[in-house]
*Asks:* 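Okay, here's the structure, questions in a sec.
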Amino acid sequence: MTPTAAADETLRDEIRLLGAMLGEVIKSEGGQALYDRIEAVRQASVAYHRDDDGDAEALEALLKDIDLDQAVGLAHGFAAFSLLANIAEDRAGKRRALDQAEAAARPDTPAGALKRLSDQGVGMGEIRELLSHALISPVLTAHPSEVRRKSVIDRIAGVSDLLDACDKGGAACDIEQRNAGLRRQIVILWATRLVRQSRLVVQDEINTVVSFLERVFLNVAPERLHAWRDLLEAPDLKPFLKIGSWVGGDRDGNPNVNAEVLSAAFRTQSRAVLAHYMDQVHALGAELSLSGALARISPEMKALAEGSGDTSDHRADEPYRKALSHIYARLSATFPLLTRVPAPRPARFEAPPYEGPAGFRADLQVLHASLTENHGAVFADDSLNRLITTVDVFGFHMATVDLRQNSDVHERVVADLLKVAGVTGDYLALDEEGRLALLAAELTSSRPLFSPYADYDEETLKERAILAAAGEALRLYGPDAVRTHIVSKTTSASDMLEVYLLLKEVGLYRPKAPEQCPIQAAPLFETIEDLRASQPTLERLLAEPSARAVARARGVQEVMIGYSDSNKDGSYLTSTWELHEASRALLDVTRAAGLKLQLFHGRGGTVGRGGGSSFAGVLAQPQGTVAGRIRITEQGEVIANKYGEPEVAARNLDALTCGVLLNSLRPPADDSLTGRHGETMQTLSRASMAAYRAVVYDAPGFVDYFRAATPIAEIADLKIGSRPASRSTSAAIEDLRAIPWVFSWSQSRVMLPGWFGFGSAVKSADMEELRAMAADWPFFKTLVQNLEMVLAKADMSIARRYASLVPDKALAMRVFGAIQSEHDRTRDAVLAITGHDDLLGGQPELDRLISLRMPYVEPLNHVQIELIRRRRAGDDDPRVREGILLTINGVAAGLRNSG
């Protein structure tokens with residue numbers, strides 16, 4: 001048996017094992033009748049799919065006849081199975097990662113990436129130089145497409161840990177004991193509500209993100225940094241992996257985020273990281289029992305030990321323990337100042353708190369230098385050195401929190417401040433040049449606009465308080481606590497200067513020293529129109545002395561580009577191309593200004609929101625736009641899927657690093673492909689956008705179809721986020737948030753945002769050129785591969801059943817017909833480009849995973865349709881709602897990248 005076949009068989013065995021255990025639990029906990037009904041629906045669903053809806057009547061009769069308790073139990077059962085199948089799939093990925101031969105051949109692994117670079121003539125020195133000034137930062141956000149409760153995620157981790165432990169135990173593993181533990185976890189999972197009963201508040205989202213930071217990133221990020229140092233033989237390589245977060249700082253469209261929430265986010269993060277440091281220092285104190293009479297110590301080490309408040313006779317002759325006791329006591333004193341709660345294990349004596357992470361690191365470095373100078377390399381890469389690296393990555397803040405707000409809010413707040421200060425009565429009436437002139441003048445004046453004795457709009461006071469809280473966070477937690485303020489809906493340079501003016505009002509921007517401003521305003525270009533206008537907007541911004549001074553002090557200007565709204569605005573193909581071209585144009589602007597460009601990619605989970613392989617996505621970026629620096633949002637369910645377990649997180653952090661290296665150090669000739677095929681892509685982009693907008697924006701009744709043929713209304717009931725699904729009460733697609741837009745199409749198995757328009761765009765194109773583009777150009781290759789994945793998860797036969805929910809049958813037939821026709825055109829086009837007979841013919845591993853998963857997702861779709869039908873017919877039984885939400889949960893878990 002080949003290694004691939006063996007791996008597939010192991011995956012199937014684990015799915016059978018977990019599925020059989022779940023079946024036993026369903027029988028014992030839910031009853032034989034429920035088990036039989038689940039099995040009957042599964043078989044009917046398989047027959048329906050196999051016969052291309054030939055058994056639709058039998059399936060519909062089975063579901064129409066089902067009582068509510070069984071419907072809820074059925075949805076619960078299939079949703080639980082999807083969760084368990086995901087565990088087996090993740091473990092298969094871990095096994096592949098541990099296969100050294102396979103890993104060495106894959107460019108998304110360190111060994112494979114270094115080999116490819118070596119083959120291209122790139123030396124270790126070039127790699128070390130690139131990483132010496134690199135920044136690779138996944139940024140965790142709370143965007144609501146994570147439907148699993150934390151309790152459910154914990155159960156998944158429990159099952160995975162049991163299976164992992166048995167793997168490590170080898171022949172000594174007690175299978176019966178393991179299976180008993182698995183059954184216990186599955187019983188708890190079965191008896192745990194999979195959906196929330198109340199809506200999340202922001203603190204819930206903070207706690208969830210911090211749980212990932214604490215359980216996974218706190219250990220994995222430093223460990224991967226040390227692994228790269230070892231590979232590159234660069235022990236002093238500075239940390240290039242940094243973790244970011246939006247939770248608590250992103251208030252765009254979320255009225256629940258305020259100054260207290262931002263402060264609470266930092267307190268929560270700091271509690272976790274300081275507790276970790278205290279545990280590590282305590283462990284080092286137990287380990288470093290070296291006697292001053294038997295070991296040499298440096299003068300700095302001697303001074304640190306003698307300055308300790310530890311007067312215990314037991315440690316009188318143990319300088320390292322004395323020093324660590326003092327360090328621990330200082331951390332213990334720091335803890336309540338930064339967290340507002342007592343330290344979990346107070347010190348035995350008092351010591352002054354640390355003013356910041358730099359002082360803590362300096363003390364640790366004194367110990368490490370003394371050990372290595374006097375005892376050699378055995379202490380060079382020990383637990384103390386790992387702790388120093390952890391401090392370098394996480395400081396006292398744990399994750400850098402970005403601020404984000406909509407430009408409309410900023411301009412209203414600035415207008416209010418200027419009006420009350422008597423500067424201008426109607427700032428909003430000024431044109432762009434008028435605004436820039438006024439803002440530039442105010443940014444050179446040390447006179448504050450705000451008066452504590454004046455009356456302001458509530459919005460003004462709230463925004464000022466948030467920025468003041470950011471300033472306090474910088475003082476308490478260090479300079480990496482907050483570094484960027486992102487401006488949503490950026491359309492002009494004044495949108496950024498307004499941020500600097502507001503920062504001036506809280507003392508963070510100083511007119512006499514603008515280069516010392518600790519927070520950079522970063523534009524977010526989201527719509528197709530904004531992306532096309534991004535070049536002149538950034539040029540105008542960097543012509544302003546204030547913005548230019550901040551950027552030059554950092555050496556980089558950060559720009560965020562949004563995948564979600566550009567896709568909703570103009571189609572997947574057009575969005576992808578416009579993002580590509582905007583990135584190139586922005587690079588030209590920053591180079592002309594003598595700066596580096598740092599792109600922040602606002603990606604989601606599904607392809608319609610920039611999803612797909614992060615490795616492939618980074619490789620596909622235009623030449624020069626990465627250059628060792630990249631930030632990427634990780635949202636919703638993707639966080640748990642990519643970073644839910646240490647081994648999986650390590651693999652994904654490595655893949656991201658490999659993508660950055662390969663893109664940044666690739667041969668310059670690669671960029672010629674953009675010049676060679678750019679005109680073709682421009683033509684395809686225009687055609688795709690025209691086809692997309694003709695249906696989505698211009699077809700009569702399309703909005704009505706969307707709201708009836710997808711579970712968008714039911715998704716609004718799902719308690720998966722702290723912000724509303726729409727930006728306003730409008731029913732227009734323009735006002736709907738991109739996440740529920742994509743999420744709804746995923747649930748109904750249309751997956752429209754990930755492919756619509758491509759088939760129409762390429763129907764008249766030169767197929768030979770498209771095949772060459774897919775073979776040679778990473779950008780187009782990734783685009784087509786992502787299309788394939790989306791099409792493989794789409795199912796028009798199931799989508800047709802969702803269309804039956806539309807009351808207007810003529811409308812349903814017309815719109816679904818257009819969707820079906822474009823789907824067929826796109827599928828045929830993809831197969832013609834790839835030369836394969838079936839989708840994913842060139843990605844057999846992904847094809848196998850999807851094929852294994854879909855038979856257990858499809859029954860959930862059918863149950864969802866039936867329950868939605870009942871709910872919309874007026875059945876307001878709470879169990880109907882619960883069943884619908886369970887199916888949404890299960891489908892999202894099965895698709896894995898649903899939002």
*Asks:* Any idea which heavy atoms bring A829 and V762 closest together, and the distance?
*Replies:*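 In terms of heavy atoms, the two residues are closest at CB-CG2, 3.3 Å.
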*Asks:* Return the CD to CG distance between Q864 and L885, rounded to the nearest 0.5 Å.
*Replies:*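 These two atoms lie 9.5 Å from each other.
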*Asks:* Have a look at H823 and tell me which of F816, F756, W755 forms a ring-ring contact (aromatic ring centres under 6.0 Å, His included) with it.
*Replies:*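 With H823 as partner, F816, F756, W755 yield a single ring-ring contact (aromatic ring centres under 6.0 Å, His included), made by W755.
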*Asks:* Less than 4.5 Å apart, any side-chain heavy atom of T141 and any of E634?
*Replies:*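 A side-chain contact under 4.5 Å is absent here.
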*Asks:* Name the orientation class of the two ring planes belonging to W741 and W745 (parallel below 30°, tilted from 30 to 60°, perpendicular beyond 60°).
*Replies:*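 Answer is perpendicular, since the angle exceeds 60°.
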*Asks:* Against T490, only a single residue in V559, D495, L538 fulfils side-chain contact (heavy atoms from CB on, under 4.5 Å); can you say which?
*Replies:*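 Only match with T490 under side-chain contact (heavy atoms from CB on, under 4.5 Å): D495.
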*Asks:* Let me confirm one number: the OG1-CG distance from T527 to N567, rounded to the nearest 0.5 Å.
*Replies:*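 That separation rounds to 12.5 Å.
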*Asks:* Identify the heavy atoms of S566 and G562 that sit nearest to each other, and give their distance.
*Replies:*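 Heavy atoms of S566 and G562 come nearest at OG-O, 2.9 Å.
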*Asks:* Flag yes if more than 12 heavy atoms outside E529 fall under 6.0 Å of its CD atom; otherwise flag no.
*Replies:*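 No - once you tally the heavy atoms of other residues, nucleotides and ligands closer than 6.0 Å, there are 12 at most.
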*Asks:* Output the distance between atom CZ (R800) and atom CD1 (I865), rounded to the nearest 0.5 Å.
*Replies:*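 R800 atom CZ to I865 atom CD1 measures 11.5 Å (nearest 0.5 Å).
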*Asks:* Do the non-hydrogen side-chain atoms of R872 and L805 ever get within less than 4.5 Å of each other?
*Replies:*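 The answer is yes, as the side chains (C-beta and beyond) meet within the 4.5 Å cut-off.
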*Asks:* Any salt bridge (Lys or Arg N to Asp or Glu O under 4.0 Å) involving residues 569-578? Give me the pairs, sequence neighbours left out, ordered by first then second residue.
*Replies:*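 Salt bridge (Lys or Arg N to Asp or Glu O under 4.0 Å) check on residues 569-578 returns R532-E578, D569-R693.
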*Asks:* Scan side-chain atoms only and decide if S488 and D252 contain a donor-acceptor pair under the 3.5 Å cut-off.
*Replies:*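 There is such a pair (donor and acceptor under 3.5 Å, judged by atom type) between the side chains of S488 and D252.
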*Asks:* Heavy atoms, side chains only, cut-off 4.5 Å: are F743 and T710 in contact?
*Replies:*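 Contact flag for F743/T710 side chains = no.
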*Asks:* Might you work through the salt bridge (charged side-chain N to carboxylate O under 4.0 Å, His left out) test for R881 and E714, ending with a clear yes or no?
*Replies:* CA-CA 8 Å; R881 175 187 174 279; E714 289 72 23; over 6 Å; no
*Asks:* Between K462 and E459, does any NZ, NE, NH1 or NH2 come within less than 4.0 Å of an OD or OE carboxylate oxygen?
*Replies:*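 Looking at E459 and K462, the cut-off is not met.
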*Asks:* For the residue pair L831 and L839, establish whether any side-chain heavy-atom pair is separated by less than 4.5 Å.
*Replies:*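 A side-chain contact exists here, since the closest heavy-atom pair is under 4.5 Å.
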*Asks:* Which heavy atom in I66 sits nearest to a heavy atom in R870, and how many Å separate them?
*Replies:*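 For I66 versus R870, the nearest heavy atoms are O-NH2, 2.8 Å.
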*Asks:* Y705 vs D808, test: side-chain hydrogen bond (donor to acceptor under 3.5 Å, both in side chains). Steps then yes/no.
*Replies:* CA-CA 9 Å; Y705 176 90; D808 184 339; over 6 Å; no
*Asks:* Quick check: do L783 and Y572 have side-chain heavy atoms less than 4.5 Å from each other?
*Replies:*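 Yes, close enough: below the 4.5 Å cut-off.
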*Asks:* Measure the CZ-CG distance between R749 and D795 for me, rounded to the nearest 0.5 Å.
*Replies:*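 Reported to 0.5 Å precision, the distance equals 5.0 Å.
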*Asks:* Before you tell me yes or no, could you show the steps for R879 and E882 under salt bridge (charged side-chain N to carboxylate O under 4.0 Å, His left out), namely the whole-Å CA-CA distance, both residues' side-chain angles and the distance that decides it to 0.1 Å?
*Replies:* CA-CA 5 Å; R879 291 171 297 173; E882 182 182 1; over 6 Å; no
*Asks:* Heavy-atom distance under 4.5 Å between the side chains of D250 and D402, does that happen here?
*Replies:*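 No; the side chains remain at least 4.5 Å from each other.
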*Asks:* May I ask you to check whether E463 and Q405 show a side-chain donor-acceptor distance below 3.5 Å?
*Replies:*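 A donor-acceptor contact under 3.5 Å links the two side chains.
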*Asks:* Do N786 and T782 come close enough that some side-chain heavy atom pair is under 4.5 Å?
*Replies:*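 The answer is yes; the side chains approach within 4.5 Å.
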*Asks:* Given side-chain hydrogen bond (donor to acceptor under 3.5 Å, both in side chains), test E526 with Y563 step by step and report yes or no.
*Replies:* CA-CA 7 Å; E526 298 179 90; Y563 289 65; over 6 Å; no
*Asks:* Sequence neighbours left out, what passes side chain to side chain donor-acceptor pair (under 3.5 Å) with D408? Give chain and number order.
*Replies:*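 Side chain to side chain donor-acceptor pair (under 3.5 Å) list for D408, sorted by chain: K489.
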*Asks:* If we only count heavy atoms from C-beta on, is the Q621 to H601 side-chain gap below 4.5 Å?
*Replies:*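 SC-SC contact between Q621 and H601 confirmed.
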*Asks:* Check I798, V41, L867 against H862 for a side-chain contact (heavy atoms from CB on, under 4.5 Å) and give me the one that passes.
*Replies:*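 Answer after filtering I798, V41, L867: I798.
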*Asks:* Please determine whether side-chain hydrogen bond (donor to acceptor under 3.5 Å, both in side chains) holds for the pair S575 and K568, giving the CA-CA distance in whole Å, both sets of side-chain angles, and the decisive distance to 0.1 Å.
*Replies:* CA-CA 8 Å; S575 168; K568 182 162 69 77; over 6 Å; no
